[in-house]
Amino acid sequence: MNRDSTGAGTTAGTAAAAVGAFEAVGAVAAAGGMTPPGAGTGWRRGAGVAGAALGVLAAGAAVGVAVERLTVGRGMRRNARLALDSSGPYGTLRGTPGSAVAEDGTQLYYEVDEAGEAGETREEAGASASRRLFGGRRTPAAPPLTVVFSHGYCLSQDSWHFQRAALRAAGVRAVFWDQRSHGRSERSRTGAVSIDLFGRDLKAVIDAAAPEGPLVLVGHSMGGMTTMGLAAQYPGLIAERVVGAAFLGTSSGGLAENTYGLPAAGMALVRRLVLPGAFKLMAARPELIEKGRRATSDLFAGVLRWYSFGSKDVDPAVVRFAERLIEATPVDVVAAFYPVFAEHEKREALRAFDGLPVVVAAGDKDLLTPGEHSEAIAEALPGARLVLLEDTGHLVMLERHEVITAQLAELLAAAVGGGALGRGECAAAGARGRA
């Protein structure tokens with residue numbers, strides 16, 4: 001296993017701030033969740049605040065607000081967000097649309113990017129892309145390699161903006177899809193969601209959008225778990241068609257013990273006393289909770305910034321783009337999907353990828369799927385390349401997009417060439433190789 005390691009994780013100051021905020025949120029949430037409807041405006045106000053705050057927690061953001069939000073006027077921040085929304089290019093790339101039908105009838109939206117030279121057929125475009133990228137190792141008669149991207153919780157296919165732009169420029173065939181209840185996909189027709197169900201959804205998308213030819217599977221966070229769910233149920237597909245995989249900011253299990261940077265005892269209380277009532281409220285009164293979330297947008301934005309990124313130097317337009325993606329996820333979807341992560345255990349499924357080129361990458365300041373989870377994946381796959389990026393949070397494909405795109409390029413080259421990823425020193429800034 002090739003490891004690329006970097007600096008320390010969460011500071012004690014961050015944890016202390018989060019503890020205080022959790023105590024406050026817990027008190028409001030408990031009151032809002034336990035007081036019945038009809039008790040007056042106090043209940044509604046408390047429920048709105050509780051839902052907004054705990055919706056953020058459930059979406060994978062713990063609590064912490066940047067100092068500038070205490071010193072910069074609300075109107076100025078609002079105008080800045082509007083300006084970024086109107087000028088930011090992120091999430092604007094579109095491909096050929098399609099729809100796959102899940103086992104319960106849910107329509108899963110996907111797009112295919114297959115840029116080629118003018119006048120080329122689809123098959124010729126894929127083959128010429130392979131020649132440009134990989135030295136002509138594939139012929140026009142062979143089905144082109146397809147890279148399938150699975151996004152994370154409370155995101156959408158647009159979260160792959162930078163990687164999509166790079167592959168489109170290179171002419172690589174790629175499929176981007178929205179998981180059920182996310183993005184442009186239909187709301188789940190079944191209430192009982194699971195990682196195994198998401199894996200079967202991915203199989204439906206592959207059958208519809210890439211029914212033949214070699215595959216490289218790329219998943220971030222919940223998307224990486226979805227890839228594992230696919231492998232657990234369709235190991236034959238992995239053996240027959242998959243030639244490489246990337247697991248970014250994800251986990252193969254053990255998330256029930258994750259504390260999101262808080263002391264374990266504090267998080268245990270939140271799980272036992274706060275979250276059940278909050279999720280019940282989010283499912284029963286989503287319109288009220290959405291109103292509360294909008295009313296506390298400044299807090300919401302600060303929390304997302306704190307837990308999505310590890311560096312202070314991220315492009316503000318990228319930060320705002322991430323906020324928009326997460327804000328677009330309805331709160332009842334947040335509540336319905338969150339419990340599946342505690343149940344997720346797919347370490348055994350990773351065996352299906354043993355012997356294939358695999359990249360495992362995470363940020364060293366990721367509090368949602370901490371670096372130890374990526375290390376566990378790499379330990380289960382001794383030939384995998386492990387990349388731990390310093391000063392980087394959960395959204396690695398946005399915050400360190402140059403590094404992730406470069407790693408994917410090397411992965412694709414190894415996959416098409418039938419070889420292993422190179423060992424030794426990693427070229428990524430902020431990472432040093434360790435055998």
Side-chain angles (χ1 to χ4, degrees), residues 55 58-60 88-114 146-165 167-168 173-211 215-230 246-250 286 304 308 321-338 340-341 394-395 397-398:
Y90 307 121
T92 59
L93 299 178
R94 301 266 64 90
T96 302
S99 181
V101 182
E103 61 186 40
D104 63 346
T106 301
Q107 297 288 322
L108 304 171
Y109 179 82
Y110 67 81
E111 293 179 0
V112 179
D113 281 1
E114 194 162 24
T146 300
V147 188
V148 182
F149 287 84
S150 300
H151 68 79
Y153 179 46
C154 297
L155 299 172
S156 76
Q157 63 173 272
D158 289 344
S159 62
W160 299 109
H161 176 88
F162 292 103
Q163 293 72 37
R164 186 172 195 166
L167 292 188
R168 176 176 288 190
R173 187 172 198 270
V175 172
F176 303 86
W177 68 294
D178 292 329
Q179 301 228 38
R180 62 173 58 222
S181 301
H182 289 70
R184 294 171 175 82
S185 283
E186 186 182 15
R187 293 290 290 269
S188 179
R189 297 190 183 187
T190 180
V193 295
S194 67
I195 296 299
D196 283 338
L197 176 61
F198 304 157
R200 295 193 293 275
D201 287 349
L202 176 54
K203 176 63 160 54
V205 170
I206 290 172
D207 288 346
L215 302 170
V216 170
L217 304 178
V218 181
H220 168 251
S221 192
M222 183 177 74
M225 301 175 206
T226 296
T227 301
M228 298 174 208
L230 174 75
F247 297 98
L248 311 178
T250 190
L304 296 183
S308 296
F321 172 50
E323 290 174 7
R324 292 203 314 271
L325 291 175
I326 299 173
E327 289 168 355
T329 307
V331 293
D332 53 331
V333 173
V334 172
F337 277 56
Y338 181 77
V340 306
F341 304 119
H394 187 59
L395 301 184
M397 69 288 188
L398 292 176

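Everything quoted here is computed from the prediction, not taken from an experiment.
- A salt bridge is absent between Asp196 and Arg200; no separation between the charged side-chain nitrogens and carboxylate oxygens falls under 4.0 Å.
- Under a 3.5 Å cut-off, the side chain of Gln163 and the backbone N or O of Met397 do form a donor-acceptor pair.
- Between Arg164 and Arg94, some side-chain heavy-atom pair lies under the 4.5 Å cut-off.
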message = Please determine whether side chain to side chain contact (heavy atoms under 4.5 Å, CB included) holds for the pair Phe149 and Asp113, giving the CA-CA distance in whole Å, both sets of side-chain angles, and the decisive distance to 0.1 Å.
response = CA-CA 11 Å; Phe149 287 84; Asp113 281 1; over 6 Å; no
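- Shown here for Leu202 and Ser150, the closest heavy-atom pair between the two residues is CD1-OG, 3.8 Å.
- Rounding to the nearest 0.5 Å gives a distance of 9.0 Å between CG of Leu398 and CH2 of Trp160.
- Formation of a donor-acceptor pair under 3.5 Å by the Thr146 side chain with backbone atoms of Leu215 is not found in this model.
- For the pair Ser181 (side chain) and Arg187 (backbone), a donor-acceptor distance under 3.5 Å is absent.
- Rounded to the nearest 0.5 Å, atoms CG (Leu325) and CD (Glu327) are 9.5 Å apart.
- Annotation: side chain of Asp158 is in contact with side chain of Phe321 (closest heavy-atom distance under 4.5 Å).
- For the pair Leu108/His182, no side-chain contact is recorded, criterion being any heavy-atom separation below 4.5 Å from C-beta on.
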Worked verdict on Val340 versus Leu197 for side chain to side chain contact (heavy atoms under 4.5 Å, CB included) = CA-CA 10 Å; Val340 306; Leu197 176 61; over 6 Å; no
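- Ser156 places no side-chain N or O within donor-acceptor distance of the main-chain N or O of Gly183, the cut-off being under 3.5 Å.
- Comment: Asp104 engages Arg180 in a salt bridge, judged by a side-chain N to carboxylate O separation of less than 4.0 angstrom.
- For the pair Ser159/Leu395, no side-chain contact is recorded, criterion being any heavy-atom separation below 4.5 Å from C-beta on.
- Note that NE2 of His220 and CE of Met225 are 9.0 Å apart. Values are rounded to the nearest 0.5 Å.
- In terms of modelled atom types and a separation under 3.5 Å, the side chain of Thr106 and the main chain of Arg189 share a donor-acceptor contact.
- Contact check for Arg184 versus Gln107: no side-chain heavy atoms found under the 4.5 Å cut-off.
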request  = Kindly indicate, with the supporting measurements, whether the criterion side chain to side chain contact (heavy atoms under 4.5 Å, CB included) is fulfilled by Gln157 and Tyr110.
outcome  = CA-CA 8 Å; Gln157 63 173 272; Tyr110 67 81; 5.5 Å; no
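- In this structure, Ile326 and Leu155 have side chains that are in contact, with non-hydrogen atoms separated by less than 4.5 Å.
- Ring pair Tyr90/His161 is perpendicular by interplanar angle, where above 60° counts as perpendicular and below 30° as parallel.
- Contact between Ala336 and Val193 at its shortest, heavy atoms only, is O-CG2, 3.6 Å.
- Aromatic pair Phe198/Phe337: ring centres closer than 6.0 Å.
- Remark: the backbone N or O of Phe176 is not paired with any side-chain donor or acceptor of His151 at under 3.5 angstrom.
- Proximity of Trp177 to Thr226: side-chain heavy atoms (C-beta onward) are separated by under 4.5 Å at one or more points.
- Tyr338 and Tyr153 have tilted rings, their planes meeting at an angle from 30° to 60° on a 0 to 90° scale.
- Inter-residue side-chain proximity for Thr227 and Thr250 is flagged as unmet; no heavy-atom pair is nearer than 4.5 Å.
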